[in-house]
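The structure appears right after this line, and notes come after that.
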Amino acid sequence: MGIVKQERQTWMLGTGDLHIPKNSPMIGIHHNNWRQRAVLDSTLPNTEGVHYTAVYSISRKDHEHLKTKVLDLVEQSRKIVAPSKEEELICFTCDLFEV
């Protein structure tokens, strides 16, 4: 799959861009696993993580505006991450949905 490659006696990152498609049968499990890790991190004392949850009642127009901004942030983050040196493993989760 190209995720890792072996160079001599060392395993190296093969591709830095792994993405599970939206229609994958594994996508729900993937999201759930990382959301659970976020909840766990939010309970740790002195966490450096950013955790924010809010429920709003807003207009359709403002909902679409927020959705556009979130999608822009996701796209910008992917452009930053792609060439970034592998020094830290981080998790970036984001949800915006109607209840």
*Under 4.5 Å between side-chain heavy atoms, hopping through other hydrophobics if needed: is there a path connecting Val70 to Val50?*
no

The reported gap from OG1 in Thr68 to NE2 in His63 (rounded to nearest 0.5 angstrom) is 9.5 Å

Going by chain and number, the hydrophobic cluster around Phe97 (ILVMFWY, side chain to side chain under 4.5 Å) further includes Val99

### Within one Ile-Leu-Val-Met-Phe-Trp-Tyr cluster: Tyr56 and Leu96, side-chain cutoff 4.5 Å
yes

Besides Leu44, the hydrophobic cluster formed by Ile, Leu, Val, Met, Phe, Trp and Tyr side chains linked at under 4.5 Å, directly or via other members, contains none

Separation between CD (Glu64) and CD1 (Ile58), nearest 0.5 Å, reads 9.5 Å

Taken in chain and number order and not counting sequence neighbours, the residues that satisfy side chain to side chain donor-acceptor pair (under 3.5 Å) with His30 are none

For Asp95, the salt bridge (Lys or Arg N to Asp or Glu O under 4.0 Å) test, sequence neighbours excluded, returns Arg35

* Treat each ILVMFWY residue as a node, draw an edge where side-chain heavy atoms are under 4.5 Å apart, and state whether Leu89 and Phe92 are in one component. => no

Rounded to the nearest 0.5 angstrom, the NE2-OG1 distance for His51 and Thr53 is 9.5 Å

Here the gap from Leu66 atom CG to Leu73 atom CG, rounded to the nearest 0.5 Å, amounts to 12.0 Å

The salt bridge (Lys or Arg N to Asp or Glu O under 4.0 Å) partners of Lys67 (sequence neighbours excluded) come to none

Taken in chain and number order and not counting sequence neighbours, the residues that satisfy salt bridge (Lys or Arg N to Asp or Glu O under 4.0 Å) with Glu7 are Lys5

| query | Just by modelled atom types, is the Val81 backbone N or O under 3.5 Å from a matching donor or acceptor in the Ser84 side chain? | reply | no

Separation between CG (Asn33) and CE (Met26), nearest 0.5 Å, reads 8.0 Å

Rounding to 0.5 Å, atoms NE2 (His31) and CD1 (Ile20) come to a distance of 7.5 Å

